[in-house]
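Heavy atoms only: backbone and side chains are in, while hydrogens, waters and symmetry mates are out. The sequence lines fix the lettering, A, B, ..., with proteins before strands; numbering per chain opens at 1.
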Amino acid sequence: MSVLAEADLRLDAGPIDYALLVIYFVVVLGIGVMARRSVSSSLDFLLSGRSLPAWVTGLAFISANLGALELMGMTANGAQYGMATVHYYWIGAIPAMVFLGLVMMPFYYGSKVRSVPEFMLRRFGKPAHLVNAISFAVAQILIAGINLFALAVIIDALLGWPLPVSIVVAAMVVLAYTALGGLSAAIYNEVLQFFVIVAALAPLTIVGLIKVGGWQGLVQKVTDQEQLSAWPATELTGIESPVWSVVGLVFGLGFVLSFGYWTTNFAEVQRAMSAKSMSAAKRTPIIGAYPKALIPAVIIIPGIIAAVIVPEMAQLKAGDTSSGVVYNNVLPLLMRDLLPNGILGIAITGLLASFMAGVAANVSSFNTVFTYDLWQDYVKKDRPDEYYLRVGRLATVGACVLAIGTAFIAAALGGSNIMDYIQALFSFFNAPLFATFIVGMFWKRMTPTAGWVGLLAGTFTAMFIYAISEPSFGIKWLELPGQGASFLGAGLAFVVDVVVSVAVSLVTRPKPDSELVGLVYSLTPKEDRSHATTGEDAGWYRSPALLGGGVLALTTVLYIIFG
Amino acid sequence: MRLFDLRLIIAFLFGLYGVVLVVVGLGFTTDDDLKKAEGVNINLWAGIAMVVLAALFAVWALLRPQFAKTTTADDLGKRG
């Protein structure tokens, strides 16, 4: 990211572009003010009073993940690796999202827990709960700070605003609407952001495609034809053998990493928990899966186009780094070269919206975990609800202030490496967390001790693999460029967690069955897991299983056509 | 919990954006702008698309008004 300032990315933004940007900010803050009127309890503030329709939570589910790091990173991957990037969207997300909706949501929503860590508390008790709640809370603050820093770097490059100004202004906007309207304001803005991002990316893709002479023109102009097929993605995984590359993709990315991320990350699951009914909660990730399957069209294709038509990008791909441009610059460069004033303003708005929504998702999930899982459970129990509503609001302020601090630390440390380390650090928790959840949900014998021991064993495994494979650490027992090391680390962490959990369970005492009702499959009556099919949940087109099957079929067809 | 209808906000924002872009596309597009986008008046077309999107959301909101769900004690998430 530090190189970014050197490349000339300055956009020729005019008054009309700024006007469109300002309109967006006014609407965003207006949503915060209006949402405030409907907040009368801590549950309204932290979980939208479990009242939102499925299309809203579904789009917010996908939007919370469509932060700027994702947007910049995936267009960059498109330019660098070509079609192989679709794996992050298809095999790396769709099956896990369907699984979350159909298999795990019944327990999350049915047990009425208010957060993923709270599920941990009820299933495994306090040690596992504390590990999960604290690691999640810390991760959200750090990632929010990274998001803010990334936002400031890009605004500096595009518009020439100083870093501290962008960091503080963006944090204040997020703070204003989340502190006022809570999760409802965050979710409403995420849905709005989704449409603005599509409105920004679609024209970019269309103009880009016209410029290269349509899809056929693009196919002809890509010099390395291997980049037009998704399999076996040896460049992406860093695994030379095509067979093992596919195994790494399917098991590492498709199973462990993606299931770990989508099914246990509270910043995502929270959106589904705020839905108004069991049916809507189940449909949330599945409705989100449809745009997730289709959005590579306006993210990856622009990346491939940029590698062909942007001169600096073509140079970089040929190995010439003299222009100072890096792959992360794909979007700004395309905006500079293709979009006239007017639509350019929409594109800038889309980028900023995406950065802010990422921060808001971190902040709004942090304040819930802080309020319910840390403050209410361990510091001040049994206070009236207004007290926790106040704590929730204060936690929001605290989160934004801390995130500003983290952003300045990231700025002082100068950049991208530190961010990669932090991201990697927290990915260590995801794969083992998924293993612990899945064993705990389906095996009632799994004990509280096994819960936290398995989690730690899995996390240490992932850290160990990272330490011996990360080139800059100098140990280098394992050499896997690309994403191979993280696939392997996640896979092993999962296996170790399962093995340790089973072994420890066999020698420790399980919880009595009566305490596990609603939390474990075999002890939960079928009617508690099923959803209503009357009223607003009626109709075949609202069936979660049908919608889930539909998106899996869609993804398969997409793989056949573009794979 | 009675929340305002998001569909109307989406209709409002994109209606406004769409009209602004159509005006820019029709009245203020220079030859340089056209050259940048390969001869396509992208402001005009994107503006029209946004107006259509806004209209769809407005129609949806008018045809199927959002009725508030009555909150029961069960919904308040008391720990069971």
Side-chain angles (χ1 to χ4, degrees), chain A residues 16 19-20 23-24 27 30-31 34-35 37-44 47-53 55-56 111-114 118 122 181 184 187-188 191-192 195-196 198-199 202-204 206-208 210-211 273 276-277 336-346 349 385 517-518 536, chain B residues 1-50 53-54 56-57 60 64 66-72 74-80:
Chain A
I16 184 76
L20 293 170
I23 291 173
Y24 184 76
V27 170
I31 286 178
M34 285 190 284
R37 277 185 287 173
S38 60
V39 173
S40 55
S41 71
S42 71
L43 199 75
D44 287 346
L47 270 186
S48 298
R50 291 203 178 97
S51 65
L52 299 177
W55 72 271
V56 170
S111 64
K112 292 274 178 228
V113 293
R114 297 166 303 181
E118 191 166 303
R122 303 243 321 254
S184 306
I187 285 183
Y188 269 25
V191 176
L192 206 58
F195 288 106
V196 176
V198 174
L204 196 67
I206 292 169
V207 175
I210 293 173
K211 191 151 197 158
M273 284 183 175
K276 63 183 177 182
S277 67
R336 182 197 69 185
D337 288 356
L338 299 180
L339 299 183
N341 293 107
I343 193 74
L344 179 65
I346 306 279
T349 306
D385 188 66
V517 175
E536 289 193 0
Chain B
M1 168 130 179
R2 188 186 283 264
L3 209 55
F4 55 97
D5 196 335
L6 176 60
R7 292 171 297 183
L8 295 174
I9 310 277
I10 295 174
F12 168 76
L13 181 70
F14 281 96
L16 191 57
Y17 273 3
V19 169
V20 170
L21 287 186
V22 167
V23 170
V24 171
L26 288 179
F28 301 92
T29 298
T30 62
D31 286 346
D32 277 354
D33 289 344
L34 282 177
K35 216 168 84 190
K36 213 173 185 182
E38 284 302 293
V40 182
N41 192 338
I42 191 68
N43 278 332
L44 178 62
W45 289 110
I48 291 172
M50 286 180 196
L53 179 77
L56 287 177
F57 269 98
W60 182 20
R64 299 278 303 268
Q66 165 177 292
F67 43 91
K69 186 189 164 213
T70 44
T71 311
T72 62
D74 189 43
D75 289 327
L76 290 173
K78 299 272 188 290
R79 289 215 218 172

[X], part contacting chain B, at a heavy-atom distance under 4.5 Å:
| X | answer |
| --- | --- |
| A:Ile16 | side chain |
| A:Thr349 | side chain |
| A:Val196 | both |

Gap between atom [atom2] of [Y] and atom [atom1] of [X] - 0.5 Å precision:
| X | Y | atom1 | atom2 | value |
| --- | --- | --- | --- | --- |
| B:Ile9 | A:Ile31 | CD1 | CD1 | 5.0 Å |
| B:Leu6 | A:Ile187 | CG | CD1 | 10.5 Å |
| A:Leu344 | B:Ile42 | CG | CD1 | 12.5 Å |
| B:Phe12 | A:Leu192 | CZ | CG | 11.0 Å |
| A:Ile206 | B:Trp45 | CD1 | CH2 | 11.0 Å |

Item to check | Among the listed options A:Val191, A:Asp385, A:Ile343, the residue most often paired with chain B at heavy-atom distances under 4.5 Å | outcome: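 Greatest number of close heavy-atom pairs with chain B: A:Ile343.
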
Checklist entry - Any idea how B:Phe14 and A:Phe195 line up, ring-wise: parallel (<30°), tilted (30 to 60°), or perpendicular (>60°)? => result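 Rings of B:Phe14 and A:Phe195: perpendicular, over 60°.
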
Item to check | Ring centers of B:Phe4, A:Tyr188 separated by less than 6.0 Å | outcome: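 Close enough - the centres of the two rings lie under 6.0 Å apart.
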
Check [X] against [Y] and note the closest heavy-atom contact, atom names and distance.
| X | Y | answer |
| --- | --- | --- |
| A:Ile210 | B:Val40 | CD1-CG2, 3.5 Å |
| B:Leu21 | A:Gly342 | CD2-C, 3.5 Å |
| A:Asn341 | B:Val24 | O-CG1, 4.2 Å |

Next on the checklist: Report which part of B:Ile10 has an atom under 4.5 Å of a heavy atom belonging to chain A: side chain, backbone, both, or neither.
Outcome noted: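 Looking at B:Ile10, backbone and side chain both touch chain A.
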
